[in-house]
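Every chain is numbered from 1 and lettered A, B, ... according to where its sequence line falls, protein lines coming before strand lines.
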Protein chains: 2
Amino acid sequence: MSAPAPTLRSLARQLGLSRTTVSDALRGSPRVDPKTAERVQRAAEEAGYRRNPLAGALMSELRRSRGTAFRGVLAAVDFTEPDRPDAAGRFHRELVIGAETRAGELGFKVEKFAVGHAGVSVQRLDSILQSRGIHGVILLPAWDDPDLSNLDWTRFAGIYTDYIIERPALHSVCSDHYRSLLAALQRIVALGYRQPGLYLQRHQDERLQFRWSAAFRAFQESQPEIRAIPPLIVAAHEQETFARWFKQHQPDVVLGHHTDAIDWMAACGAELPGRHGFVCLNKNMTARPCAGLDLQPRTLGARGAELLIAQLQRNETGIPEWPSTTTIPARWSDGPTLRLAAP
Amino acid sequence: MSAPAPTLRSLARQLGLSRTTVSDALRGSPRVDPKTAERVQRAAEEAGYRRNPLAGALMSELRRSRGTAFRGVLAAVDFTEPDRPDAAGRFHRELVIGAETRAGELGFKVEKFAVGHAGVSVQRLDSILQSRGIHGVILLPAWDDPDLSNLDWTRFAGIYTDYIIERPALHSVCSDHYRSLLAALQRIVALGYRQPGLYLQRHQDERLQFRWSAAFRAFQESQPEIRAIPPLIVAAHEQETFARWFKQHQPDVVLGHHTDAIDWMAACGAELPGRHGFVCLNKNMTARPCAGLDLQPRTLGARGAELLIAQLQRNETGIPEWPSTTTIPARWSDGPTLRLAAP
DNA sequence: CGAAGCCTGCGGACAGTCCGAGCATGTCCG
DNA sequence: CGGACATGCTCGGACTGTCCGCAGGCTTCG
């Protein structure tokens, strides 16, 4: 019943062979005599031997790297684009810091590469990565649809730090915008606000397949005590459009990316953080202090590195059959544009 | 430049201590002299020592289980509940099959456990898992909120196959309901339908934080050529309620879980799959052939096992600081309740 | 007949952990 | 004061599976 589980060594003893030969035989190495191999395999099956997966993973990694200092390098690839907002730079830097830190803990290094507009071509990147022996690629978020299908993905494992997962469809990590906005609204209501308004640039909502506005409407629908205000979704930010919407619908709190709206609200007679409030939907994209959501780029970068390294350790490259998206909720952060307790 | 990476042994040699003492010191064991411990920690930091997580995972497992060697076992835990719909059984079985298959490829086995109502208590589960040396737990979806915070999570790594990630908040894998519904609607519109209607049980939408209805409304909002029909969201399925809604709003295609609705539509004079259509939102929960979404329980189970094993290989147990949700899109599946091309 | 090459199998080294053993020092009590 | 016992600290052994180098025996061929 409780016989000790068979190991390579016990099996070898029983067969009168060395553990090495048994190991080689079970993995089908050409170094062992086919007759011996078959004998070993039969004995292993009879004894119910199962190789320890942890030991296997450790040893193959150990012997392969042969004492060299670092075990692997990941590439962080940035698409330089002419029309990307400058503020995105900070978000990117934080993502990379998170990835670097976590990768370091797991024995990997991260190196940055720029592609497109102000960087190298995709072809060139391919050959650089090949010659450097880099097999893990972290793709930083791009403003427009990037296209990396030209990379020879049979040799790489990759991960996006964004929702956009086409061309090619790889695994990705990103914020859980939907859930985070619901949580933020619950918080806001707990603070006594009753007429939340959403203010977005159309491109930003479309990029996320309308997750911001969908969560907002779902919340309005599920909370009868809230007065439903139609979201203001614009092509470009303009004070006049905003002011018209604000005066017509009179939201007592506005959620949005564009922090200039704080001034525009004030210009319309709003009192922040007393009767009115402003919540920023991505605090990492603005330098202005305010309450809002921290989309946690560091944590995202860290989890991305983790997922990528797990793939490399399983020796998996290429485009996954079913790409998955791993999301992390945003962290709420208080600030001077919102009251701290219900009045 | 490329000095060999410092190991426990090299560090010990350099300090004139044994590898054991160094290991104990770095892990804060009370067995070492605090002065020695500090000396070791400083030296380790200086040398840039980083412990190999794979070796750590292997060794702690190996030495802890003494004899009954680690053979990589995961527990699939099912919450037996009196009020869960029977159809859920099939979804669960598929999840487990997916997990078993993928785990097998990675050298792990899966064993099933039942908790609650018709199974063991959480306390009992804890001691069973401990004594069996199992450290990876896959939590199958529950109809109501399960509570597993009584498990001693410092010793386990766990993953949910569901959105619900409270008590405690672990990582999870589940379908991307939001994105899948958007994709399904796009497909339906391409087939020429113009008045899609959504039919849900309230509990099912609430469980997913309204993701079904939110995606539906977001699609209506973004597609002006669609006639917006208010979703029918009921406490319990009743033909009369459905018929009233159907006759009033006249959807030409209905999306829902409850396949009886197909008969109810026909009773209202609908022609399937000609002028009208029905799309099932979870084909794995019904035996009736129809068009709809395959939420891919096998793929979910496989990815869950993968994520869990990656944690075990990093020797990570306990409740993660930032729980993440990994989602996989549903697969579209044609069927006899929907036309195959635009008329 | 000797050198070269192949086939087959073996031993060493490697990672970090845990337990029991061992040694030195301190304490207590007869 | 000395033996018994306790405590604090350190060390060595054993454990997992893999990979490379090495060695002994055999065959081949000039």
Report task. Examine the base of dG21(D) for any acceptor or donor lying under 3.5 Å from a partner atom in the side chain of R31(A), and report the outcome as yes or no. Result ->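 A donor-acceptor contact between them is present.
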Could you tell me how far apart [X] ([atom1]) and [N] ([atom2]) are, to the nearest whole angstrom?
X       : N       : atom1 : atom2 : result
Q313(B) : dG16(C) : CD    : P     : 17 Å
R13(A)  : dA14(D) : CZ    : P     : 12 Å
L11(B)  : dT17(C) : CG    : P     : 13 Å

Query raised in the report: Got a sec? Which of residues 19-27 of chain A come in under 4.0 Å of DNA chain D, heavy atoms?
Result: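 By residue number: R19(A), T20(A), S23(A), R27(A).
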Report task. Would you please name every residue forming a side-chain contact (heavy atoms from CB on, under 4.5 Å) with R298(B), sequence neighbours left out? Result ->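 side-chain contact (heavy atoms from CB on, under 4.5 Å) check on R298(B) returns E94(B), I97(B).
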Report task. Look at the side-chain N and O atoms of Y49(A) and state whether any lies under 4.0 Å from the OP1 or OP2 oxygen of dT16(D). Result ->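 Y49(A) to dT16(D) OP1/OP2: no side-chain N or O under 4.0 Å.
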**Report entry** 5' precedence on DNA chain C between P34(A) and R9(A) (nearest-nucleotide basis)
**Finding:**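 In this pair, the answer is P34(A).
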Residue [X], side-chain heavy atoms: nucleotide from [options] that is nearest:
X      : options                   : value
T36(B) : dT10(D), dT8(C), dT17(C)  : dT10(D)
L17(B) : dG16(C), dC11(D), dG11(C) : dC11(D)
D33(B) : dG16(C), dT10(D), dT8(C)  : dT10(D)

Taking [X] first and then [Y], would you say they form a salt bridge - that is, a charged N and a carboxylate O separated by under 4.0 Å?
X       : Y       : answer
R331(B) : E321(A) : no
E100(B) : K109(B) : no
E38(B)  : R42(B)  : yes

Report task. Side-chain contact test, heavy atoms from C-beta onward, threshold under 4.5 Å: evaluate it for Q41(A) versus E45(A) and give yes or no. Result ->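 Side-chain contact under 4.5 Å: no.
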Query raised in the report: Heavy atoms, side chains only, cut-off 4.5 Å: are I138(B) and Y160(B) in contact?
Result: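 No - every pair of side-chain heavy atoms lies 4.5 Å or more apart.
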